Each structure stands twice: as structure tokens, then as C-alpha cells.
Q: 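The structure that follows is given in the form of C-alpha cells.
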Amino acid sequence: SEDNLQQEQYLKSLFKIFYEKKYLFISIIISFLLLGLTTSYFFPNQYKSEAVLSAQINKLNPSTNAPNISGGLSSLGIDIGSVGSSGNDEIDRALAISKSKSLLKNLIEKYDDILPSLMASKKYTFSDDNLTFDTKKYDVEKKNWVRNVSPPKKKTPSFVEAHEEYLKIFKSRKNRLNGHVTMSVEHISPSFAKSFLERIILEMNLYGQKTDIEDAKNSISFLENKISQNTSIELKNSLSRLIEKQLQIEMLASNNDEYLLNVIDYPFLPEKKTFPNRLVFMSIGLLIGFLFSLIYAIFMIGNLGKSREDS
């Protein structure tokens with residue numbers, strides 16, 4: 001058909017231009033390839049430290065006798081279902097804590113190097129394991145923030161602002177097949193990536209541990225108060241069993257550093273960068289160069305068609 005002939009003629013013209021201008025197009029493609037490679041060097045190397053964790057297997061599970069002691073307790077405002085939790089619940093809880101502003105706030109208050117490393121890091125040198133900071137943002141000698149920002153931001157970054165950067169470098173995911181959790185920190189300093197991830201895991205477990213101990217103590221106080229107010233022997237026995245369960249929770253929490261998640265594979269000191277990938281940048285440059293050459297060739301065909309019509 002006529003349309004097929006036009007398409008065939010157009011493709012022939014396109015290939016003809018590519019052949020006649022092959023050295024020009026090769027130069028364009030190579031130029032964009034080199035541009036992509038050069039661009040990759042403007043990004044600082046990033047290093048990722050990872051750890052693999054799993055839910056604790058010795059945590060208390062919901063009591064199988066809960067249905068037998070639940071009679072009458074609901075009227076006292078006691079939730080039997082909250083006595084224990086499953087492994088998946090503990091994993092979800094741990095993941096939520098690890099990404100929370102509260103955890104980051106605790107870490108920043110404990111360790112002086114975290115906030116500058118998050119918000120003002122500039123360059124890392126392997127030879128002396130030294131992380132340098134942007135002097136326009138942070139004065140290392142005076143340990144003082146000097147950055148110039150517009151309101152509502154302040155010279156010293158807030159926990160909310162730091163949290164935004166934190167979520168960019170900290171990642172966590174749960175493997176739904178085996179229940180394992182992978183956590184990682186990516187930073188220009190491999191040493192900081194490792195130490196920061198270690199601190200996150202430690203603080204996450206401490207946070208869960210402290211919360212459960214406080215909850216257990218509050219529950220015990222509440223239940224003891226209810227026992228003193230009731231005369232029913234059956235109800236007192238049920239409340240006593242709940243107190244015993246809370247005492248077990250308090251005891252396990254107090255004697256377990258890896259309370260929420262148990263570390264299977266500890267954070268390591270990364271040796272290979274994860275970003276930028278020079279090959280990816282070169283591939284993008286190659287693709288852009290080819291597309292630019294194609295557009296230029298199509299433009300030349302259009303100009304040839306117009307010149308023929310004018311003549």
C-alpha cells in the first residue's frame with residue numbers, strides 16, 4: 001500500500017542519514033557517554049552497611065488459658081489479648097520503632113556525632129578514616145551550627161528535619177517467607193554507616209525493652225489494686241495469674257539486650273561503594289546520546305522534505 005511505501009522510504013532516508021553522518025552521530029553518542037561518566041564523579045561515593053535480624057523466639061506468647069480467665073475481667077478494663085504477642089507483631093513493632101522520630105531523638109541526644117554526620121557531612125577519606133563536614137553548616141572545633149537557613153528552620157537542625165534525612169539513608173524490610181528483617185544504613189562514611197546501624201539496632205531493642213517493662217509495672221500495680229478491691233476468690237485467682245504473666249514479661253525484658261529482634265548477621269564495615277554506579281551513568285549517557293542522534297536525524301529528514309517542496 002501507499003502508507004507502507006512511505007514508511008519504507010522514510011526508514012531508508014533515516015538509515016541513509018545515519019550512514020552519511022555516522023561520524024557525527026558516533027561523536028554525539030560518545031560525548032554523552034563521557035558526559036554520563038563525568039557526571040558520576042560529581043556524586044560522593046556511598047557505602048551501605050547491612051544487618052539481618054529475626055524475632056525473638058523466647059518471648060511470651062498469648063496464654064492458651066486466656067479464655068478460661070477472661071470471665072469478669074473485661075468489666076475491669078483488662079485486655080487479655082495484650083498479654084502476649086506473635087513474632088510478626090513484634091517485627092512490625094520493631095520496624096515502626098526503628099523508623100520513628102522518638103528513636104532518632106534518643107540517638108541524637110546520646111551521641112554528639114550523629115546530627116552533624118546526618119546533616120553536614122561533606123567528604124570521607126579512606127586513608128585516615130576521616131569524615132569532614134561542610135564548614136558553611138557546622139563548625140567542628142566549636143561544635144556549633146553556623147548554617148544560614150530561612151524560617152521555620154533553625155541553625156541547629158530539628159529532630160523533624162533530621163528525621164527526613166534519616167529516612168533517606170536508613171532502610172528496613174521484612175522477608176515474608178522466612179520472617180527475617182534486613183536493616184541498612186547508606187552513607188559516604190563506611191565507618192559511620194556501620195556504627196550508626198549498630199546504634200539503631202541497640203536503641204530499638206532498648207526502646208521496646210523499656211516500654212514493656214514500664215507497661216508491665218503499670219499493669220501489675222493496676223492488677224494489685226483490683227485484687228485489694230475485690231472479694232471474689234475466683235476473680236482474685238484470675239488476677240493473680242495475670243500478675244504472674246506480667247512479672248514474667250518484666251523479668252524477660254530486664255534480662256535480654258536483644259529484646260525485640262535478635263541479630264543474626266551483625267552490621268559490617270562496607271568496602272565497596274553502592275553509589276554511584278559508573279556503568280549505569282554511562283548507560284544513561286549512551287541512551288540519551290542515541291535518542292539525541294535519532295531526533296537530530298528525524299529533524300534533518302524534515303528539513304530535506306521542506307527543501308524539496310520549496311524547490
Side-chain angles (χ1 to χ4, degrees), residues 46-66 79-108 110-111 114 118 163 165-187 189-217 219 244-272 274-275:
Q46 301 279 339
Y47 300 87
K48 181 190 291 185
S49 181
E50 287 186 331
V52 180
L53 308 94
S54 65
Q56 282 285 4
I57 59 175
N58 61 344
K59 294 290 290 295
L60 290 175
N61 291 320
S63 174
T64 54
N65 296 322
D79 181 13
I80 301 299
S82 64
V83 171
S85 58
S86 67
N88 283 330
D89 291 338
E90 288 298 290
I91 290 175
D92 292 339
R93 180 187 175 199
L95 291 175
I97 291 173
S98 68
K99 295 178 181 178
S100 67
K101 295 182 183 70
S102 298
L103 178 130
L104 180 62
K105 181 176 182 291
N106 291 345
L107 287 171
I108 290 174
K110 282 185 179 180
Y111 305 100
I114 288 180
L118 271 178
H163 187 255
E165 293 299 319
Y166 171 69
L167 293 181
K168 291 178 183 178
I169 69 169
F170 173 72
K171 304 296 178 184
S172 61
R173 64 182 185 275
K174 178 172 69 174
N175 188 321
R176 299 189 180 278
L177 295 178
N178 55 27
H180 291 168
V181 174
T182 301
M183 292 184 175
S184 66
V185 168
E186 191 172 32
H187 196 263
S189 167
S191 299
F192 177 76
K194 176 181 178 292
S195 64
F196 193 29
L197 183 56
E198 290 173 337
R199 292 168 177 177
I200 291 169
I201 295 170
L202 177 63
E203 189 65 30
M204 173 195 68
N205 280 315
L206 287 174
Y207 189 95
Q209 182 185 48
K210 182 181 178 181
T211 302
D212 280 4
I213 290 174
E214 290 178 355
D215 288 346
K217 287 181 177 179
S219 297
E244 181 181 353
K245 184 68 69 176
Q246 293 300 323
L247 286 170
Q248 290 175 356
I249 292 174
E250 183 181 357
M251 180 187 68
L252 286 174
S254 300
N255 293 281
N256 194 349
D257 292 334
E258 294 183 350
Y259 179 66
L260 288 178
L261 296 181
N262 180 50
V263 182
I264 299 174
D265 189 12
Y266 285 87
F268 60 92
L269 185 67
E271 296 179 351
K272 294 183 179 180
T274 54
F275 180 87

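Starting from 1, each residue takes its place in the sequence as its number. Keep in mind that what you see is a predicted model, and the values were worked out from it rather than measured. We use all heavy atoms of the structure for the numbers below, so side chains are in, but hydrogens, waters and symmetry mates are not.
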Q: How close do I201 and P267 get, heavy atom to heavy atom, and via which atoms?
A: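 Shortest heavy-atom separation between I201 and P267 comes out as CD1-CG, 4.0 Å.
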Q: Got Y166 and I200 here, is their nearest side-chain heavy-atom distance under 4.5 Å?
A: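 The answer is yes, as the side chains (C-beta and beyond) meet within the 4.5 Å cut-off.
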Q: Just how far is it from atom OH of Y266 to atom CD of E198, taken to the nearest 0.5 Å?
A: 10.0 Å
Q: Any sub-3.5 Å donor-acceptor pair from H163's side-chain atoms to K99's backbone N or O?
A: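 Side chain of H163 to backbone of K99, a donor-acceptor pair under 3.5 Å: yes, one is there.
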Q: Is I97 close to T211 at the side-chain level, that is, under 4.5 Å between some pair of heavy atoms?
A: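 No. Closest side-chain heavy atoms not under 4.5 Å.
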Q: If you take all heavy atoms of M204 and S98, which pair is closest and at what distance?
A: SD-CB, 4.1 Å
Q: May I have the step-by-step check of side chain to side chain contact (heavy atoms under 4.5 Å, CB included) for N106 and L206, ending in yes or no?
A: CA-CA 11 Å; N106 291 345; L206 287 174; over 6 Å; no
Q: Can you find a pair of side-chain heavy atoms, one from F170 and one from L103, that are under 4.5 Å apart?
A: no
Q: Between I169 and L118, does a side chain to side chain contact (heavy atoms under 4.5 Å, CB included) hold up when you go through it step by step?
A: CA-CA 9 Å; I169 69 169; L118 271 178; 3.4 Å; yes
Q: Identify the two heavy atoms, one from I264 and one from H180, that lie closest to each other, and give their separation to 0.1 Å.
A: CD1-NE2, 3.7 Å
Q: Measuring from atom CG of D92 to atom CG of L260, what distance do you get when rounded to the nearest 0.5 angstrom?
A: 11.5 Å
Q: Measuring from L95:CG to L261:CG, what's the distance to the nearest 0.5 Å?
A: 7.0 Å
Q: Look at the aromatic rings of F196 and F192 and report parallel, tilted or perpendicular, splitting at 30° and 60°.
A: parallel
Q: Looking at side-chain heavy atoms only, is the closest gap between S49 and L269 below 4.5 Å?
A: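 Heavy-atom side-chain distance check fails, nothing below 4.5 Å.
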Q: Is it the case that over 12 heavy atoms from other parts of the model lie below 6.0 angstrom from the OH atom of Y207?
A: no
Q: Nearest 0.5 Å please: distance from the NZ atom of K105 over to the CD atom of E203.
A: 11.0 Å
Q: Rounded at 0.5 Å granularity, tell me how far CD in E50 sits from CG in L197.
A: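 Between E50 CD and L197 CG, I get 9.0 Å after rounding to 0.5 Å.
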Q: Step by step, would you call E214 with K217 a salt bridge (Lys or Arg N to Asp or Glu O under 4.0 Å)?
A: CA-CA 5 Å; E214 290 178 355; K217 287 181 177 179; over 6 Å; no
Q: Supply the atom-to-atom distance Y259 OH to I213 CD1, rounded to the nearest 0.5 angstrom.
A: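 Output value for this atom pair is 7.5 Å.
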Q: Is any side-chain heavy atom of D212 closer than 4.5 Å to one of R93?
A: yes
Q: Could you check whether any side-chain heavy atom of P270 comes within less than 4.5 Å of a side-chain heavy atom of K48, counting everything from C-beta outward?
A: no
